[in-house]
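Beneath this line is the structure, given in structure tokens, with notes to follow.
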Amino acid sequence: MTLDELTSHVSAEFQRHYARPPRWIVAAPGRVNLIGEHTDYNDGFVLPMAIERYTVIAADRPDRETNQIRLYSTLGDKPANLDLTMPVKPFPKGAWANYPAGVIAGFLARGLNPGGFDAAIHSTVPLGGGLSSSAALEVSTATLLEVITGKKLDPVEKALLCQKAEHEYAGTPCGIMDQFISVLGRENHLLLLDCRSRRTELVPLDDPSVAVLIMNTNVKHELTGSEYPTRRKQCETAAKILGVPSLRDATADLLERAKNKMDEVVYRRARHVIGEIERTVHAAEGIRAGNWPTVGQLMYASHYSLRDDYEVSCNELDAVVEIAESIGIKGGVYGCRMTGGGFGGCTVALVKTDAVKAISKKIAADYKKKIGIETTIFVSRPAAGATVLKM
Ligand code: GLA
């Protein structure tokens, strides 16, 4: 659905649920990360783009003046209510409304009280697909609250407020990539983000002969839930042993020299991060130069490192990457890798635009044969960050 179609859709949903038209409509995109995985919480670089998949929210003041916020999701989740006369506390773990609740709490903490409102929320970002559906929900909520309170936040502060909501209300100790790109995405550009200085640089990706192909494995492995925090800790352990503030300050040489001072798993985790930060900087140079084969090789190298050293891939992701690699540059694929946190979700490939159809067909067929389920494949141009569609 285009943003125009989404606007009509969410308006109709609001009307259906609350029996009047909405006053405000906002949207925030999901993202795909081209390269730079598990580097954000190590002060490294990431290179994501916003995608043409959005969370949209239609809202209005309630019929009568109240301090109640009513949140209705079209995705079948239970509606949630917040009472602003009381402190906003997290819902039970796993509740979808924790994302908006955390953002509302962040505004209140800044003295920005939106007052009561009714909202209908719809999303085309696949849930749990590694495309940052949660950041899209947080950032769209923050964008709505900016409109309602009339106070536009500085974009970096806005992203950090959303990240804090995820830490404190959803309980995920995520880095800063997802919220940054959902706020700061720019059409036809990737965002090279230095997660230490938070400086950003737009890298044009506007060559019509290359396309970004996103393939959803349609699996999400429910592991213990501690994989992400465990890896963060392993990175911190490695940095401590190396005597540096974060792995951003380490080099491959330094790591090799300290190899026997750390356990083998910690060593491999650090090797991934140090290599990935370097690959991300090179990939940005490759994109600026239009050197697609080099960028593609870096993407494959990133995948193998995530699979073997960081151990966040899975059979299904590996299968898509293998199929893409077997198609090769001759068949139009420059490179492919898993994207996002891992353990399922999506892969991202850089491909020749005129081969998109043939590649999609081959990947879909071979994936079905190998794994036994369907994959969902789509192309996205780099999209703009959060926007107000009606105010
Ligand atoms: C998740 C987190 C991000 C980042 C990625 C891995 O998407 O939310 O902050 O750490 O995993 O690169």
Side-chain angles (χ1 to χ4, degrees), residues 28-51 53 55 98-99 102-103 125-139 156 159-185 190-196 198 200 214 216 220-221 223 225-236 246-248 269-270 272-280 283 298-299 302-303 305-307 309-314 317 337-348:
R31 64 101 187 92
V32 71
N33 188 20
L34 216 70
I35 194 162
E37 217 65 83
H38 290 279
T39 50
D40 61 353
Y41 52 82
N42 287 295
D43 280 352
F45 287 92
V46 292
L47 191 59
M49 64 179 224
I51 55 173
R53 295 296 182 104
T55 294
N98 273 324
Y99 301 102
V103 173
V125 188
L127 296 186
L131 300 177
S132 289
S133 50
S134 33
L137 179 51
E138 290 149 12
V139 173
V156 171
L160 292 173
L161 184 157
C162 291
Q163 181 201 25
K164 191 162 183 251
E166 182 135 356
H167 285 189
E168 295 180 0
Y169 280 71
T172 313
C174 62
I176 59 174
M177 166 169 66
D178 306 345
Q179 293 78 11
F180 263 70
I181 185 65
S182 187
V183 172
L184 291 168
L190 300 167
L191 188 75
L192 179 65
L193 168 62
D194 178 339
C195 300
R196 166 167 279 170
R198 294 179 188 142
T200 57
I214 298 162
N216 193 338
K220 179 80 202 147
H221 296 292
L223 303 168
S226 66
E227 287 73 21
Y228 191 90
T230 302
R231 280 174 183 63
R232 267 195 94 136
K233 283 208 193 88
Q234 288 163 334
C235 292
E236 283 159 20
S246 79
L247 288 178
R248 167 73 178 272
R269 301 295 189 255
H272 164 72
V273 173
I274 295 167
E276 185 78 355
I277 292 174
E278 213 178 303
R279 280 189 288 273
T280 306
L298 291 163
M299 291 171 79
S302 164
H303 185 78
S305 174
L306 287 157
R307 181 189 67 189
D309 277 354
Y310 219 64
E311 295 179 285
V312 291
S313 187
C314 60
L317 288 165
R337 55 181 289 279
M338 57 157 274
T339 187
F343 304 108
C346 292
T347 62
V348 58

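Whatever order the structure lists ligands and atoms in, that order sets their numbers, starting from 1.
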Please tell me if the side chains of Arg248 and Phe45 come closer than 4.5 Å, counting only heavy atoms from C-beta onward.
-> yes
Using the ring of each side chain (for Trp, its six-membered ring), is His38 parallel, tilted or perpendicular to Tyr228, with breaks at 30° and 60°?
-> tilted
To the nearest 0.5 Å, how far apart are CG in Asp40 and CG in Leu193?
-> 8.0 Å
Counterpart residues, side chain to side chain donor-acceptor pair (under 3.5 Å), relative to Arg269 (two or more places apart) = Gln234, Glu311
Report the distance from atom CD of Glu276 to atom CD1 of Ile35, rounding to the nearest 0.5 Å.
-> 5.0 Å
Positive for side-chain hydrogen bond (donor to acceptor under 3.5 Å, both in side chains) with Ser132, one of Asn33, Asp178, Thr55 | Asp178
Per-pair distances, ligand 1 N/O vs protein N/O, less than 3.5 Å:
| from | atom 1 | to | atom 2 | distance (Å) |
| --- | --- | --- | --- | --- |
| ligand 1 | 7 (O) | Arg31 | NH2 | 3.1 |
| ligand 1 | 7 (O) | Asp178 | OD2 | 3.0 |
| ligand 1 | 8 (O) | Asp178 | OD2 | 2.7 |
| ligand 1 | 9 (O) | Asp40 | OD2 | 2.6 |
| ligand 1 | 9 (O) | Gly175 | N | 2.8 |
| ligand 1 | 9 (O) | Tyr228 | OH | 3.4 |
| ligand 1 | 10 (O) | Asp40 | OD1 | 2.8 |
| ligand 1 | 10 (O) | Asp40 | OD2 | 3.4 |
| ligand 1 | 10 (O) | Tyr228 | OH | 2.6 |
| ligand 1 | 12 (O) | Glu37 | OE2 | 2.6 |
| ligand 1 | 12 (O) | His38 | N | 2.7 |

